Every structure is written in C-alpha cells, then in structure tokens.
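This report concerns only the one structure given below.
Chain identifiers are assigned alphabetically (A, B, ...) following the order of the sequence lines, protein sequences preceding nucleic acid strands; residue numbering begins at 1 within each chain. This is a predicted model, so every value here is computed, not measured.
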2 protein chains.
Amino acid sequence: MVHNDLPLYLKIYHQLREEIESGKYRVGDLLPSEEELAETFQASRTTIRNALQELEKDNLIFRKRGKGTIVQEPKTAQNLNYISSFTETLRSKGVEVATGTLTVELVPAPPKVAGALDLERGELVYLVQRTRVAGGLPIAFITNYLLPRMVPDLEKKKEALRTKGLYQLLEEEYGLRLHRAVETIEAYLSGPLEADLLHIPEKMPLFHTVRVVYLEDGIPFEVDISVIRADKYEYKVFLEGRPKENRRSLK
Amino acid sequence: MVHNDLPLYLKIYHQLREEIESGKYRVGDLLPSEEELAETFQASRTTIRNALQELEKDNLIFRKRGKGTIVQEPKTAQNLNYISSFTETLRSKGVEVATGTLTVELVPAPPKVAGALDLERGELVYLVQRTRVAGGLPIAFITNYLLPRMVPDLEKKKEALRTKGLYQLLEEEYGLRLHRAVETIEAYLSGPLEADLLHIPEKMPLFHTVRVVYLEDGIPFEVDISVIRADKYEYKVFLEGRPKENRRSLK
DNA sequence: AAGTGGTCTAGACCACGAA
DNA sequence: TCGTGGTCTAGACCACTTA
C-alpha cells in the first residue's frame, strides 16, 4: 500500500478538482462551506483554505465573502500563461509536429544574447536551431541559446530533440525547472532569408518572438528566438486583473 | 489621525515592498526570517507569511526551505499580464496617444460577439469604434462591444473616451472590476479596408487581436477587436511555470 | 440573525540546506 | 546540528450577504 506523501492540502485540492471536473458540482454551484469541508476531510479550516487557494489559482472557483465558494465558468478556467514550447502548444491542439533541419553547436554568444544571459562577450553558449514542420510544411524556424553549464553535453542529446520538445528535454534529462519567462511578439514581412528557410514567398506575414527564460533563482538561462508563419499560428494570452495602484500613502 | 484600515498583512506587505524597492535589501539578500519579522511587526508568523505570499505573487521575492527568503532580480519582477488597454500600454511607455475618429452607438450584436457575450442573436450591444493616433500617425483601429446593462448611457460619456482609456472609464464611472480576459493575437496583411482606416498602403503587416473580458463572477462583458500596425507595436507577455501534470493517480 | 469567507493568533512538527 | 520555510491545528473575531 503506497501512501501518497503529498501534503494534505494538495490531496484535498486534487480531490476537489476531480469532483469539480467530473461534474459533481456545476458551474455556479456553491461548494460546501469551509467548515463543512473541514469536517468531511477531517482537517482544519486553514488546511481547507490552502486547498481552496490552489483551486482559486486555477480559476476553478472564486470566493465571495458572505456568500460562499462558487464554481467558475470553465471557459476562463485554464488561466495561466505557462512556459510552453511552440511544439507543445501545437501538439496540445492536436497538430502533428516534426523536426526538419536540426543543428546543435557551441558558439560564442552574440552581443544581445550575452546581454540577456548575463555573459561576457564571446563566452560560449549552446546554439540550437530547428525547423519545425506541421502538415508537411515548414512553419517555424526556432533558434535557442542555452547556458552550457546548465546543460552539459547537450550535443549528445541531439536526437532526442527530434521527437520531444526542448523544454521537456531540459526537465527530464537535466532536471531543470523553468520558472519564468518574458516574451516579446512582433510581426513583420518575410525577406529572402525567411523565404528560403521556410520555403515561402517574400512579403508573407511572420511572427517574430524573443523569449528569455529564467530559472527558479532568477538566473537567465535561455533565449528563444522564433520566426513563425503568421498564417499558420496564433497566440493566446490570458490576462488577469488590472494594473495595481502605485502605492497607497499611509497617513 | 486616520488609521489605515487595510488588513495587517497588507500593511506589512506594503512596508516590505517599499523597503525592497528603496534598496534597503539588495537583490540576492535574505530578508529577515519569518520569525524575526513576526517579532518586529508584532504579528503572528501566519500573518507574516500572508504578507510574504503577496510579495511572492509580485515576484519580488522567492523562498527556499532551509535557506530563507531571497530578494528577486527586478528584471523579472513585474510579472503579471494585466488587462491593459492599448492606450494604457503605450502611455506607460511614454508614448502620447490621441483619439482620431470616435463613434459610440447601440447596435444588434453580430453573431460572433453574441456568442462570446452569451447573448441572443440580435440583442443590442454598445459598439465603440476608435482610431488611435500616436506621433501624428493612426496606428490602431479599435472596436469594442459592451454589454449595455453594465454601462447605461455610455453614449453620454463619449467625450471622456477621447482622453482616458476605455477601461479606466469603466472602472471610474461604472465601478466595474475587470477580472480576467482571453486574447488571441494573429498577424496578417492590410487590405483595402485597413489601408483606408489607417492611411497605410496595402500589404503592410498588422496585428489582429480579439479579447474577451470577464467580470469577477465570470460574466463575459466586453469584446475588444483591435487592428494595430505591427511596425509600430509589439506585445510583451510574461510566462510563469510549466503546464501542470495531469492528475496524479492515488493508490 | 445566521452563515459565509477574511483575518489573525499561538502554538506544533516536519523537510530541507548549510555549516 | 541548527535555522529556515512548509504544513497543520484549534481556536477567535470580523465583514459581508441573504433572508
């Protein structure tokens, strides 16, 4: 008998989540009150509140003082902007993604990359370049720069990159935890270079994105530069809340 | 003497935040331990932890068991993807934004809008259309559909829309709290219509975004359709964490 | 008035990191 | 081993909603 060693509040979170997703509670329904839940799970109210807080982060519920805990509209319930690779995003939509060209090499960091990764000019970084193919068409050209000290012998994993996403590899093979990222999205027209790489005419609309990924302790770890056919892709962004007031003056 | 009636943990949050931003603690420094903070603020450790949790949401700190609470790299510290209008985003970058054309009227909801806002076909919605001008150039054409029952007499506020953003107006004049939004970003080439609206040639790259905004209780409230000159604008997206594992099986 | 979630206390033990 | 944050308890009072 394996005892699941998750903290109690996470176990309760998972169970409640399953009950919500299984349809036991409908959208708009009230969950049992915190006190009742504490009773049924034989836990303190604090622990229940921790579990509910997790559900709230997932936007599966929202709470109203004096009213209760209400199950959310699932339409908006997947909320977070996770760090997902291009490949993962497409696959989650059911699109088959293959790898066209693939190179892995150690190169001196270009100035902008060195700046983003806090490196000295000329320090070596891993450069991974891939063409991504969906439905037989090359639809994206992806360039990644990675800190070599975090991913030793990356070139030996080259073949793994053909089948799994880069981020999946980083997690599974190197145990890295990607924590945060900042991405800028621009759009422009293909020039001769892009036309050649993606087998498209010039003056087609393209997305150009630059993403810097940080590890848990705030170390910048990876730069991802993607060029994607805009006629084959769209971004979905989840937004939450309004910008905060800047400081209340205490009197 | 006005006593600030914020909850204690929020007061502590604000004070710590100010101390961090004022440079009292440097990046990488450890904050005092939770117990010490409890002592200095004369509060329980639970309350301190609530305050620290808020700082963590802002990505100003991160915590490591056995180590302590560490002040974060400010580069990634603004984390959230807030619901901001085009105007607010540009203004925060120091760009002056003016309004070109502006119309406010009640119209039957187009099918797609009716779907997004949970309306019957043909129900009336407010339609707001604006050209946004920066640096003398029209750079965006923005279309908003709003639930009329939430914004009575919107046409009377028309002039206010010339100077403030729509979202600011919704908050200040109607007391609405925008809670969540989902936005899709696409890119395409200008056709004759866009060329005319924005005074640009055809076949220029444009962003096309569709945003649905939800209120606190999950009611879809507004649809924002923007067409933006891609050569004058970029999106910045903050990403956090990796997609969650799908369910652990309990044994 | 009754019931809900929000805040707060004062304790306790555990898991992890560093010395 | 010691100090840290992580989890958990059993209470208490408050602010808000609904009836």
Side-chain angles (χ1 to χ4, degrees), chain A residues 3-16 20 25 28-57 59-72 175 177 179 215-219 248, chain B residues 3-16 20 25 28-72 175 177 179 215-219 241 248:
Chain A
H3 250 86
N4 197 317
D5 62 354
L6 280 177
L8 180 56
Y9 78 96
L10 284 181
K11 285 193 215 165
I12 295 174
Y13 156 74
H14 283 297
Q15 179 164 343
L16 286 174
I20 289 173
Y25 304 103
D29 278 6
L30 292 176
L31 288 189
S33 75
E34 296 179 350
E35 209 154 359
E36 283 179 73
L37 289 172
E39 180 63 29
T40 60
F41 285 105
Q42 283 297 301
S44 74
R45 201 180 141 212
T46 310
T47 300
I48 297 297
R49 281 180 65 77
N50 265 330
L52 293 180
Q53 195 169 53
E54 293 299 310
L55 289 171
E56 203 167 19
K57 278 188 202 162
N59 282 314
L60 285 168
I61 60 170
F62 76 101
R63 295 140 107 185
K64 225 171 165 93
R65 182 178 355 204
K67 188 88 177 294
T69 300
I70 301 147
V71 177
Q72 264 281 25
R177 290 186 46 180
H179 193 233
L215 299 180
E216 215 181 1
D217 44 11
I219 294 179
R248 295 153 215 259
Chain B
H3 248 86
N4 198 318
D5 62 353
L6 280 177
L8 180 55
Y9 79 95
L10 284 181
K11 286 193 216 167
I12 296 174
Y13 156 73
H14 283 297
Q15 178 164 343
L16 287 174
I20 289 173
Y25 303 104
D29 277 6
L30 292 177
L31 289 189
S33 73
E34 298 179 350
E35 209 155 359
E36 283 179 74
L37 289 171
E39 180 64 29
T40 60
F41 284 104
Q42 283 296 300
S44 74
R45 200 179 142 213
T46 311
T47 300
I48 297 296
R49 282 180 64 76
N50 266 329
L52 293 179
Q53 194 168 52
E54 293 300 311
L55 289 171
E56 203 166 21
K57 278 188 202 163
D58 292 348
N59 283 312
L60 285 168
I61 60 169
F62 77 101
R63 296 140 108 184
K64 225 171 165 99
R65 189 191 331 221
K67 186 89 176 294
T69 301
I70 302 146
V71 176
Q72 264 281 25
R177 290 186 47 179
H179 192 234
L215 300 180
E216 215 181 0
D217 44 11
I219 293 179
R248 292 152 217 261

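Chain B approaches DNA chain D over the interval D/dG3 to D/dT7, counting the first and last nucleotide 5' to 3' with an atom under 4.0 Å from its heavy atoms.
Toward the 5' end of DNA chain D, the nearer of the two residues A/T47 and B/G68, judged by each one's closest nucleotide, is B/G68.
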Please step through side chain to side chain donor-acceptor pair (under 3.5 Å) for the pair A/Y13 and A/N50, ending with a clear verdict.
CA-CA 8 Å; A/Y13 156 74; A/N50 265 330; over 6 Å; no

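For the contact set between residues 31-46 of chain A and DNA chain D, defined by any heavy atom under 4.0 Å, the members are A/Q42, A/A43, A/S44, A/R45, A/T46.
Applying the salt bridge (Lys or Arg N to Asp or Glu O under 4.0 Å) rule to A/R65 yields no partners; only residues at least two apart in sequence or on another chain are considered. In this structure, the salt bridge (Lys or Arg N to Asp or Glu O under 4.0 Å) partners of B/E56, at least two apart in sequence or on a different chain, are B/R63. Remark: A/T40 engages A/L37 in a side chain to side chain contact (heavy atoms under 4.5 Å, CB included) (not counting sequence neighbours). In this view, A/I219 and A/L147, A/R149, A/D217 satisfy the side chain to side chain contact (heavy atoms under 4.5 Å, CB included) rule, not counting sequence neighbours. In this structure, the side-chain hydrogen bond (donor to acceptor under 3.5 Å, both in side chains) partners of B/R45, at least two apart in sequence or on a different chain, are B/E34. Applying the side chain to side chain contact (heavy atoms under 4.5 Å, CB included) test to B/E36 and every residue at least two apart in sequence or in another chain returns B/P32, B/S33. Partners of A/S44 under the side-chain hydrogen bond (donor to acceptor under 3.5 Å, both in side chains) rule, at least two apart in sequence or in another chain, are A/T47. Every residue two or more places apart in sequence or in another chain that forms a side chain to side chain contact (heavy atoms under 4.5 Å, CB included) with B/E39 is listed here: B/Q42.
Expressed to the nearest 0.5 Å, how far CD of B/Q53 lies from OH of B/Y9 amounts to 8.5 Å.
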Below 3.5 Å is the cut-off: list the nitrogen or oxygen pairs between protein and nucleotides 14-18 of chain C, distance only.
residue, atom, partner, partner atom, Å
C/dA15, O4', B/R65, NH1, 3.1

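Using a 4.0 Å heavy-atom criterion, one finds that A/L8 contacts the sugar-phosphate atoms exclusively.
Remark: P of C/dG5 and CD1 of A/I70 are 9 Å apart, rounded to the nearest angstrom.
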